Amino acid sequence: MNEVCEARPMIGNEAIARGAWEAGVKVAAAYPGTPSTEILEYMGSYPSEDLHAQWSTNEKVACDVAIGASFEGVRAMTAMKHVGLNVASDALLSQSYIGVNGGLVLVVCDDPGIHSSQNEQDTRIFCQLAGVPVLEPADAQEALEFVKRAFDLSEQFDTPVVLRSTTRLCHTRSLVRTGERLEREPVGFLEDPQKNVMIPANARRRHPKLLERMNALKQHFDDPEWSRLEKGDPKFGVVTVGPVYTYVKEVLPGATILKLSSSFPLPEKTLREFCESMDRVFVVEELEPVIETAMQSMGLQVEGKELFPRIDEFSPEIVRQGFEKAGLLEVDENREEWEIQPMIRPPVLCAGCPHTTSYMALRALEARVAGDIGCYTLAAVEPLRAIDTTVAMGSSIANALGMAKAGCETKPIVATIGDSTFLHSGIPPLIDAVYNQANITVLLLDNQIVAMTGGQDHPGTGKTLRGEETVRIDYAEMAKACGVKWVRTIDSYDVAAMFKNLREAVDYPGVSMLISNRPCVLDPVKIKGEPLRIDAASCTGCQSCMNLGCPALSWSGEFHEGHNKVRIDPLACIGCTLCAQVCPTDCIRPVLQEAA
Amino acid sequence: MTPSNTIAADPIPEPGITPGTGSQQKEPVNVLIVGVGGQGVIMVSKVLARLCQKSGFQVKQSEIHGMAKRGGAVFSHVRFGEQVWSPTIPAGKADILLALEWAEGLRWLRYLNPRKGTFICDTQRIVPPFACRNRKMGAEQTYARETPSVIFERVPNGYAIDASRMAEELGNIRVANTLLLGLLSTALEFSREEWQSVITEFVPPKTRELNRQAFLLGRNWVEKAIQEPGLPSEENTEKVFFDPQARPRIELEITESWCKGCDICVKMCPERCLRLNEGLVAELSDPEACTGCRVCEWLCPDFAIKLHLHPVQGNC
Ligand SMILES: Cc1ncc(C[n+]2csc(CCOP(=O)(O)OP(=O)(O)O)c2C)c(N)n1
Ligand code: SF4
Ligand code: SF4
């Protein structure tokens, strides 16, 4: 796949990986997270002689791995979703003082519009806090080029560099011209404790260096190679950056535009000159008013967030409406309004999802459930509706511990956490719970994969990013080593065992851990067993099975005493038998058995 | 479709963002492809994007996945032409809206160009569990009510086809996408051979022949649809066997002295509207939620629960 100097369609994430490969990256590490996940998957498609690509247990670990490689003088990269930077920030904020030996780039992918996240924080503010420059490509071609430039910049200015992408850029496919890989001679480790060891005395010396560096970068970004002036309508000007540039071009193809490559630090001279020649200047940027506020503090008159919202993903319509409000465009009358409510279609757990049983049992148990992040978060809504809280990855166990220590909860307290999330950040709170002798139950949902992000391997699957066999973590042994005395593993498809063991687990005074184990039905292999069928004559329409929320179940159009009877879609059903196990009239059976 | 309905643009090969005013350029062609997670929206849009790219157009194909896999709504924007800026199609600017599922087609109608857009939709209905939530006697699904004829009164060009059933009859419901590509092919100016060679790249070798048949079936269907307007079926209207007006009043009689507090009814009630009171006797804690399904009546080992359905006066 590594032909050189040709053009082919790539999604932004593939272009980022390609850029990193061309830049000569030797080590790449990441923890999955939408929309960044594919970057490392694509890195893993390059030969292992060229680079080491790995899944790490969390974003901080991944960032530290990249930092370690940079210390050794090779180019290194880590990629994460926006909230991943919260986890990795501890390392980044110190590394910013240290700088780099081999180029170090963090690709951070924001999710404006919250397509698949818990918030829509703006990474650029983190970059200001850390004092690291941030580059913002507008499309896949630029993404490839900016990654390469980010590495040069990193080495030239002795700084980690952030490349900010967004969901839209990550997942838009367009034609990309590729180049060749630059093989670099490794520099080797540079022994320099004053630079590399952040004790207070050294950190005090490094901090002014960081400020000097920011200044130097500010001037460097004034170089015309870092911004593009497109002359058009002389009456007003638009300052923009990243994918939003394409929306501006879409709605105002003839505008005068200053397209920046970086939103921090800003090229002050360039911006001043641009504003001088204009009556009105607009800043169009997605999420926070980062450029706008900085320009205002330079004393420049700009319009921004009063026209273009601070929340949600931008689109050509939203940008258009902003310019309509500003009086620069006529209101578009050519819109058709449709008063159609086709019904909402929220994402649901898959037919046969092994998480289903756990939440069915928890709801019946009337437990207080501290939830976590993964596919299983979908059990927070009807019909399972069995999750009381969801904060951030790995929060569940410590949230449960806090609930227990509050001392006023009458319900049994259960933390539910996925296998990957447990490895990401669930182990320290588990130890905390044991150490502080809390009376809680941890329900570990081991579906043997990172399902939410599309099926990645992790230390519990026994496979590496490149699919090679490796050590496999044993959760039961680990829990015991952490001091948990009550540990049991059950089959997620055994409804009776789930009810029985969960009841025993919550009755146990202290920390208990129940491991619910079954592979995800989508990944790594799609599971499709013989479908079940409902004997319409015996179905009383009691809706017990519908309480599972299985998408293979819907109403058949027949009634019993006014109650809708249920049917199973044979294409969607995977034959997990959960519905059959809960059916009070025993009318759900395998198709095969019926035929016999 | 008549040639005047086909959409064309001239090819230019330069990828990526290039400076320029762009004000003189022709508008790109916009195709919005929508459906439900797992249906193959992405495959359909990849075929189209590949075809456009092979023909020398600049193409942008943009989709949101993540939650999509789990049965949610999926959509993919494909834009091609001389110069494509935004990766997403502005509302009201889609030349073609291709929907793999009926309600999803309706969801995106505001993206369709109200003057010249073409709406192509599979009439198959994928009913999410969410639409079967009302537990009242005689409750209806909350699936979209609009039928093809209602929609066709308002869209410039519309095609509703039972592609999934036709694919099933052909031998595999999964080739419904290729069948729809056959329909789509008549609305865009690429040759039949070009379409078929790209589709071949994307389907497993074993299913090539089946996909070829599906593609031609869809393509030929359009010709028939033009000759016999008003083809779409009205099968979308649901039959109701229970008159919701005749909903009886539900009374749950619990004989306290027979109840030994075994908790079976409480745990098995699908509406979770029973509980054990302080004296460990079952009681109806949420009478509003009780649907009269009789599960508790049947499961009580001591026959302590009896359900009465009282016809509402004047209704039956
Ligand atoms: C800090 C952070 N990193 C990454 C993510 C993205 N993410 C959401 S859930 C998840 C993993 C879930 O895996 P697991 O706990 O095994 O549950 P599953 O989806 O397999 O059910 C990830 C990586 C996130 N939300 N926050
Ligand atoms: S992808 Fe796997 S874990 Fe996620 S809902 Fe589907 S079966 Fe469950
Ligand atoms: S067996 Fe029942 S619960 Fe399992 S996938 Fe099939 S319909 Fe759904």
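Below, chains carry the letters A, B, ... as their sequence lines are ordered, and counting in each starts from 1. Quick caveat, the model's predicted, so the values are computed rather than measured.
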Undergrad: Roughly how far, to the nearest 0.5 Å, is the CG atom of A:N547 from the SG atom of A:C579?
TA: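 Interatomic distance, A:C579 SG to A:N547 CG, rounded to 0.5 Å: 12.5 Å.
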Undergrad: Tell me which of these, A:Q341, A:E382, A:Q543, has more heavy-atom pairs under 4.5 Å with chain B than the rest.
TA: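 With the most close heavy-atom pairs to chain B, the winner is A:Q543.
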Undergrad: Please state whether the side chain, the backbone, both or neither of B:V59 comes within less than 4.5 Å of a heavy atom of chain A.
TA: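 Only the backbone of B:V59 comes within 4.5 Å of chain A.
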Undergrad: Using heavy-atom distances under 4.5 Å, tell me whether B:R133 contacts chain A through its side chain, its backbone, both, or neither.
TA: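 Its backbone and side chain both get close to chain A.
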Undergrad: Got a donor-acceptor contact below 3.5 angstrom from the B:E297 side chain to the B:L307 backbone?
TA: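 Flag set: sc B:E297 to bb B:L307 pair under 3.5 Å.
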Undergrad: Heavy-atom cut-off 4.5 Å, strictly under: side chain, backbone, both or neither for A:L169 against chain B?
TA: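 Answer is neither: A:L169 stays 4.5 Å or more from chain B.
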Undergrad: Select one option (side chain, backbone, both, neither) describing which atoms of B:A139 are under 4.5 Å from chain A's heavy atoms.
TA: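 Both parts, heavy atoms under 4.5 Å.
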Undergrad: Do the side chain of A:E38 and the main chain of A:N13 share a donor and acceptor less than 3.5 angstrom apart?
TA: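 Such a contact is absent between A:E38 side chain and A:N13 backbone.
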Undergrad: Could you walk me through whether A:R8 and A:E14 pass the salt bridge (Lys or Arg N to Asp or Glu O under 4.0 Å) test, one step at a time?
TA: CA-CA 11 Å; A:R8 59 189 169 88; A:E14 186 178 1; 3.1 Å; yes
Undergrad: Please answer whether the main-chain N or O of B:V84 pairs with a side-chain N or O of B:Q58 as donor and acceptor at a distance below 3.5 Å.
TA: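 Looks like yes, one N/O pair under 3.5 Å.
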Undergrad: Of the backbone (N, CA, C, O) and the side chain (C-beta and beyond), which part of B:E168 lies under 4.5 Å from a heavy atom of chain A, both, or neither?
TA: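 B:E168 has no heavy atom closer than 4.5 Å to chain A.
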Undergrad: The criterion is salt bridge (Lys or Arg N to Asp or Glu O under 4.0 Å); which residues satisfy it with B:R110, sequence neighbours excluded?
TA: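 Result, salt bridge (Lys or Arg N to Asp or Glu O under 4.0 Å) vs B:R110: none returned.
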Undergrad: Please rank B:C293, B:C132, B:P128, B:A103 by heavy-atom pairs under 4.5 Å with chain A and give me the top one.
TA: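 Going by pairs under 4.5 Å, I would pick B:C132.
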Undergrad: Relative to chain B, which segment of A:N564 carries a heavy atom at a distance below 4.5 Å: side chain, backbone, both, or neither?
TA: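 Only the side chain of A:N564 comes within 4.5 Å of chain B.
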Undergrad: Between A:K565 (side chain) and A:S556 (backbone), is there a donor-acceptor pair under 3.5 Å?
TA: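 Side chain of A:K565 to backbone of A:S556, a donor-acceptor pair under 3.5 Å: no, none is there.
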Undergrad: Establish, yes or no, whether the cationic atom of B:R125 lies under 6.0 Å from the six-membered ring centre of B:Y143 and within 45° of the ring axis.
TA: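 Cation-pi check for B:R125 and B:Y143: passes.
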Undergrad: As an exercise: rank B:R135, B:E271, B:K267 by heavy-atom pairs under 4.5 Å with chain A and give me the winner.
TA: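 Option with the greatest count: B:R135.
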Undergrad: Should the ring pair B:W298 and A:H560 be called parallel, tilted or perpendicular, given that the plane angle runs from 0 to 90° and is split at 30 and 60?
TA: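 Because their plane-to-plane angle lies in the 30° to 60° range, the rings of B:W298 and A:H560 count as tilted.
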Undergrad: Counting heavy-atom pairs closer than 4.5 Å to chain A, which one of B:L109, B:L106, B:T88 comes out on top?
TA: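 Between B:L109, B:L106, B:T88, the count favours B:L109.
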Undergrad: Under 4.5 Å from any heavy atom of chain B, what part of A:S544 do you find: side chain, backbone, both or neither?
TA: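 Both parts, backbone and side chain.
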Undergrad: Between B:L299 and chain A, which part of the residue has a heavy atom less than 4.5 Å away: side chain, backbone, both or neither?
TA: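 The answer is the side chain of B:L299.
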Undergrad: Go through the structure and list residues passing side-chain contact (heavy atoms from CB on, under 4.5 Å) with A:E366, not counting sequence neighbours.
TA: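 Counting only residues at least two positions away or on another chain, A:E366 forms no side-chain contact (heavy atoms from CB on, under 4.5 Å).
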Undergrad: Return yes if some donor-acceptor pair links the side-chain N/O of B:Q61 with the main-chain N/O of B:A49 below 3.5 Å, else return no.
TA: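 Not at all, since once roles are kept as given, no pair shorter than 3.5 Å links the two residues.
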Undergrad: Using non-hydrogen atoms and a 4.5 Å limit, figure out which bit of B:L112 sits close to chain A: side chain, backbone, both or neither.
TA: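 Neither part.
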Undergrad: Heavy atoms only, distances under 4.5 angstrom: which of A:A351, A:G12, A:A255, A:P346 has the most pairs with chain B? Name it, please.
TA: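 Ranked by heavy-atom pairs under 4.5 Å with chain B, first place is A:P346.
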Undergrad: Between B:P129, B:S76, B:S45, which residue shows the highest count of heavy-atom pairs closer than 4.5 Å to chain A?
TA: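 Among B:P129, B:S76, B:S45, the one with the most close pairs to chain A is B:P129.
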Undergrad: Ignoring hydrogens and geometry, is there a side-chain-to-backbone donor-acceptor pair from B:E101 to B:I126 under 3.5 Å?
TA: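 Answer holds: yes.
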Undergrad: Under 4.5 Å, counting heavy-atom pairs only, tell me which of A:C353, A:C170, A:P342, A:S554 racks up the most with chain B.
TA: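 Winner by heavy-atom pair count: A:P342.
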Undergrad: Heavy-atom cut-off 4.5 Å, strictly under: side chain, backbone, both or neither for A:R320 against chain B?
TA: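 For A:R320, neither part sits under 4.5 Å from chain B.
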Undergrad: To the closest 0.5 Å, what do you measure between CE (A:M343) and CZ (B:R107)?
TA: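 So the CE of A:M343 and the CZ of B:R107 are separated by 6.0 Å.
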Undergrad: Heavy-atom distances under 4.5 Å only: say whether A:P243 touches chain B with side chain, backbone, both or neither.
TA: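 Neither part.
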Undergrad: Side chain, backbone, both or neither: which part of A:V566 has an atom under 4.5 Å from a heavy atom of chain B?
TA: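 It is neither, since no heavy atom gets under 4.5 Å.
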Undergrad: A:C545 versus chain B, heavy atoms under 4.5 Å apart: side chain, backbone, both or neither?
TA: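 Looking at A:C545, nothing touches chain B.
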Undergrad: With a 4.5 angstrom heavy-atom cut-off, which part of A:E145 approaches chain B: side chain, backbone, both or neither?
TA: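 Neither the backbone nor the side chain of A:E145 comes within 4.5 Å of chain B.
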